[in-house]
Structure formats: structure tokens, C-alpha cells
Amino acid sequence: MVELIPTFKTHLAQTATTLCSAWELKLPNGKAYGLTNHDAPFFLNGTNYIPQASLSATDSDHRLNFQSDGGSFTALFDLPELTAQSLQDGYLDDAVLTQYTLNWQRPEDYVIAASGRIANLKISDHGFSAEWVGHASKLERNTGRVFSQGCDASLGDARCGVNLNALPTGMTCSKTLSACRDQFENASNFRGFPYLLGDDALQAAPQIGERRDGSSRYK
């Protein structure tokens, strides 16, 4: 539950309020841009917010527990550093967008409406659109290798080791041990776990006369 400071809570209880939205776009190097839909600039938490009608949030999704929040926004190229080329060069990679709802007469009276990392950036002629994903999305990332029966290397990469120049054009790999061994004679570089037990083995019941003594299932 969001805790509001007393003065902001009092303001929200009034019949007429002076609320506006503001967005802080913070880069990994610490530089921050402050934008607001109010018609006058203000200062908040070390960042100067300037009137800017080009940035608008088009969607927002807030979830409970460890599920990731998300949303989207659009913006024009009307800040000097935000150009199509700078975005293509990764200027906004790992940037964080924070949206505030605040009392423009007392900017220190605010609540954070949403916050997340920039993702899925799309560049157009005059501006860009992007999604933001909540910080809990980091918990959804795969860290390290994923154990599976199939190979997780790409045909011809350094982990695979197969020389693509020696193969017919358009050659593909089914990523199975048999394909690696029989098609490419490359079983020593197979990057999967072919003997990993699947659900079929875990759920199978012993059959009459079948020996289950913990020894290898593969002879």
C-alpha cells in the first residue's frame, strides 16, 4: 500500500486539486531528464522538470506480488540528446522511467505512480515509442544455462564448433544428440543433456519384472 505524506493526503481530500503528471527518465550514468504536462517548470528530487507535451503514457498495468508491472509510452525527438541515432546507439539502454503524480504548487507532495526499465524501443521518423517493465521483471530473467535434453548452441557458433562453410547452404540442425552425432559428427560438442529425465520417466510406474535398482537407464 502506498503511503502518502499528510500534506498530500490533505490536498487530495479537497474539492479542487492542483495535480499534474511528471516523468523522470534516468540513464545508467546518472543523468536524468525531467518532463511534465504542467505549463510551468519545477524542481523535484534534484531534477528540473520542464513542460513537455510530447511524452505521454499510453498504457499501464500494475500487478500484485512478484508479477511484473508494465506499460508503454510515446515521445517526440524534441530533446537535443534524444535523436534517432543516439537511440540506435543504445542511449536509453537500461534507462529507468518513473512517473509521478504531484501537486504542482508543492512538488514535494507527490506519489510514484509507476516505475520501470525501458524495453522494446521502436524508433520512427519523428519520435519513438517504448515499453517499460517493472523492476520485478529482473526476477524473470534466466541466469546461467537452462538444462534441457536439446542442444542450446546455435549451429556454427563457437560453442557448436561446426564449420558452416563446409555445409550445404540452408543446412539446419534439430538440436538432438542423434543429429549432432550422425549428421555433423560433432557429438563431443553437443551442448544438451540427452539423458536428462523427462516427465514421462518421472511419472512412469514400475512394470512387472522390471528392475529398478538405481543403475543407469542407458547401457
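Here the structure is a predicted model, which means the values were calculated and not measured.
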Separation between CZ of R117 and CG of D93, rounded to the nearest 0.5 Å: 10.5 Å

Would you call K26 and T98 a side-chain contact if the rule is heavy atoms closer than 4.5 Å? no

Return the minimal non-hydrogen interatomic distance between F8 and T101, and the atom names on each side. CZ-O, 3.7 Å

With heavy-atom distances below 4.5 Å as the criterion, would you say the side chains of L27 and L92 are in contact? yes

With a sphere of 6.0 Å drawn around CD of Q14, does it hold more than 12 non-hydrogen atoms of other residues, nucleotides or ligands? yes

S86 side chain near T83 side chain, heavy-atom distance below 4.5 Å: yes

Just wondering, do Q149 and P194 contact through their side chains at under 4.5 Å, heavy atoms? no

S115 vs Q99, test: side chain to side chain contact (heavy atoms under 4.5 Å, CB included). Steps then yes/no. CA-CA 6 Å; S115 181; Q99 181 180 355; over 6 Å; no

C20 versus L102: any side-chain heavy-atom pair under 4.5 Å? yes

Taking C-beta and beyond as the side chain, do T36 and W23 meet within less than 4.5 Å on heavy atoms? no

Non-hydrogen side-chain atoms of R191 and K175 separated by less than 4.5 Å: no

Review item, side-chain donor-acceptor pairs of residues 154-169, under 3.5 Å, at least two apart:
residue	atom	partner	partner atom	Å
D157	OD1	R159	N	3.1
D157	OD1	C160	N	2.7
D157	OD2	S154	N	2.9
R159	NH1	D152	OD1	3.3
R159	NH2	D152	OD1	3.0
N163	OD1	N165	N	3.1

For K31, salt bridge (charged side-chain N to carboxylate O under 4.0 Å, His left out) partners two or more places apart: E81

Spacing of OG belonging to S148 relative to CZ belonging to F193, to within rounding of 0.5 Å: 7.5 Å

Hphob cluster co-occupancy, F190 + F184, side-chain heavy atoms under 4.5 angstrom: no

Which residues pass the side chain to side chain contact (heavy atoms under 4.5 Å, CB included) test with S188, sequence neighbours left out? none

Measure the OG-CD1 distance between S129 and I123 for me, rounded to the nearest 0.5 Å. 9.5 Å

Going by heavy atoms in the side chains, are L4 and V111 under 4.5 Å from each other? yes

Excluding sequence neighbours, so at least two apart, what forms side chain to side chain contact (heavy atoms under 4.5 Å, CB included) with T7? I5, R106, D109

Using the test side chain to side chain contact (heavy atoms under 4.5 Å, CB included), find all partners of T18 that sit at least two apart in sequence or belong to another chain. H11, N103, W104, Q105

Let me check something: any side-chain donor-acceptor pairs from residues 42-51 under 3.5 Å, sequence neighbours excluded? List them with distances.
residue	atom	partner	partner atom	Å
N45	ND2	Y110	OH	3.2
T47	OG1	E24	OE2	3.3

